[in-house]
Number of protein chains: 2
Amino acid sequence: MTQPAADSRPYHHGDLSRALVDAARRILETEGPAALSLRAVAREAGVSPAAPYHHFKDKGELLEAVAHEGWVALDKRLTEARSKATDSKDRMTGLGVAYVCFARDNPALYRVMYDRSRDKDSLPEQMKEEGAYCQVRDTIDERTGGTVSPIDLELATIAAWCAGHGLAEMISFKQFAPLKEMLGGEEAFLRAVFEHLGMFAKLDQA
Amino acid sequence: MTQPAADSRPYHHGDLSRALVDAARRILETEGPAALSLRAVAREAGVSPAAPYHHFKDKGELLEAVAHEGWVALDKRLTEARSKATDSKDRMTGLGVAYVCFARDNPALYRVMYDRSRDKDSLPEQMKEEGAYCQVRDTIDERTGGTVSPIDLELATIAAWCAGHGLAEMISFKQFAPLKEMLGGEEAFLRAVFEHLGMFAKLDQA
DNA sequence: ACATGGATCTGAACGACGTCAAGATAATCT
DNA sequence: AGATTATCTTGACGTCGTTCAGATCCATGT
């Protein structure tokens, strides 16, 4: 009874895995990805360096849990952006801007989400199964009125995703600063780049 | 005179920095980026763990040298691709395909080139000053016959680069395997995605 | 010719890291 | 209650990046 009342405190610490993921996210936000060591996470959670191994088989598995939360958060942001835009024309661009802004606002988390030092050639299932990826696909499908073959739809989604991811990784390059100013802010810059991509031109023509 | 004749052997080892970069690239190719420790590089070069510090101020500086060579190699590949395509229409797509193929064929090197754990928000000058970036820009300018404003040209280049980089990072995801087969190979898949991007649609309309 | 000096390498060491094995402790089960 | 299982700590191992004091080698000036 040394701990304050918690909903369920099944064991010594009380949902340590939850606390570890939170600690990891805290470190990511405050000190960046370079400082994200397993020992640091344990320290931040007030626990010995070996404790995490009872909840995650190794560091990678902890990072995977963190990444998972990132995908959920991204999903939420995209849903908001999608419901906000009433104009079907700008909905795609809005989705793209929201995506890149998420990466800009959570750079460390975004890095962990795409970190492939654990699973080399597979993207998180959560992304493809029922997550952000599907939102993009659905938006494209919506906009084209479902007149597009499944293969073309898949290709267009991949294309859009690549463009967004590429831009997300480059947005913080300081070389673009003058261009951003010239266009009147970062969001305007994003929109301009997306317009130049002319995404879905092929679909529009068809 | 214990060493075989070398062109210039100014000091004990004879151009150790050169040997270190080579060793690093060898390790990258054979064991991947995870195995690329400074000590491993020194070991591979047959030298003590502290020796590299007389040629590079830290590990990051060695990686920068490796990345630099990567950019040079990429530049070369893009030049080849550009000179090969005679059809001005397909030249852009060809450039994109060449870019992604470079990333696919040198995944570890490509990762080092874009590794931002050292310099957070700045891309290598070599890329922008007179390298691959300019090749893309020039190709776009060529194709549009120089009728494009400098700002639009810059934006289109950024857009193209983002698309290429995004695709380069995703190309190896195994989730795309069935799609690749359906389209008749990886290159066909790449071309299809690039077509769906409809890059430069805006420029074409103008 | 030979000493001086600076560049280059070695060896040993430090702290931090990921991980594991053995023991202690606390919750659960019977 | 006693036995069992899950959880956490302690301590250790090997590896890593980095530093520092010395050893070694080369170029140079006298």
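First the proteins, then the strands, lettered A, B, ... as listed; each starts at 1.
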Could I get a table of every N or O pair under 3.5 Å where one atom is in the protein and the other is in nucleotides 16-19 of chain D?
from, atom 1, to, atom 2, distance (Å)
dC16(D), OP1, S37(B), OG, 3.2
dC16(D), OP2, R43(B), NH2, 2.7
dG17(D), OP1, L38(B), N, 2.9
dG17(D), OP1, K59(B), NZ, 3.1
dG17(D), OP2, L38(B), N, 2.9
dG17(D), OP2, R39(B), N, 3.1
dG17(D), N7, R39(B), NH1, 2.4
dG17(D), O6, R39(B), NH1, 2.8
dT18(D), OP2, Y53(B), OH, 2.9
dT18(D), OP2, K59(B), N, 3.0
dT18(D), O5', Y53(B), OH, 3.1

Legend entry - Centroid separation W71(B) to Y114(B) less than 6.0 Å: yes
Legend entry - Donor-acceptor pair, side chain of H68(A) and main chain of E64(A), under 3.5 angstrom: no
What is the distance, to the nearest angstrom, from the [atom1] atom on [X] to the [atom2] atom on [N]?
X	N	atom1	atom2	result
F56(A)	dC8(D)	CZ	P	11 Å
L63(A)	dG18(C)	CG	C1'	12 Å
H54(A)	dA22(C)	NE2	P	13 Å
E31(B)	dT15(D)	CD	P	14 Å
L20(A)	dT7(D)	CG	P	12 Å

Legend entry - Donor-acceptor side-chain pairing of T79(A) and Q135(A) below 3.5 angstrom: yes
Inset, instruction - Would you tell me if any nitrogen or oxygen in the side chain of H55(A) comes within less than 4.0 Å of OP1 or OP2 on dC8(D)? - result: yes
Legend entry - Counterpart residues, ring pair (Phe, Tyr, Trp, His ring centres under 6.0 Å), relative to F102(A) (two or more places apart): none
Legend entry - Parallel, tilted or perpendicular: rings of W161(A) and Y133(A) (30°, 60°): tilted
Inset, instruction - For the pair R104(B) and E186(B), find out whether any cationic side-chain nitrogen is under 4.0 Å from an anionic carboxylate oxygen. - result: yes
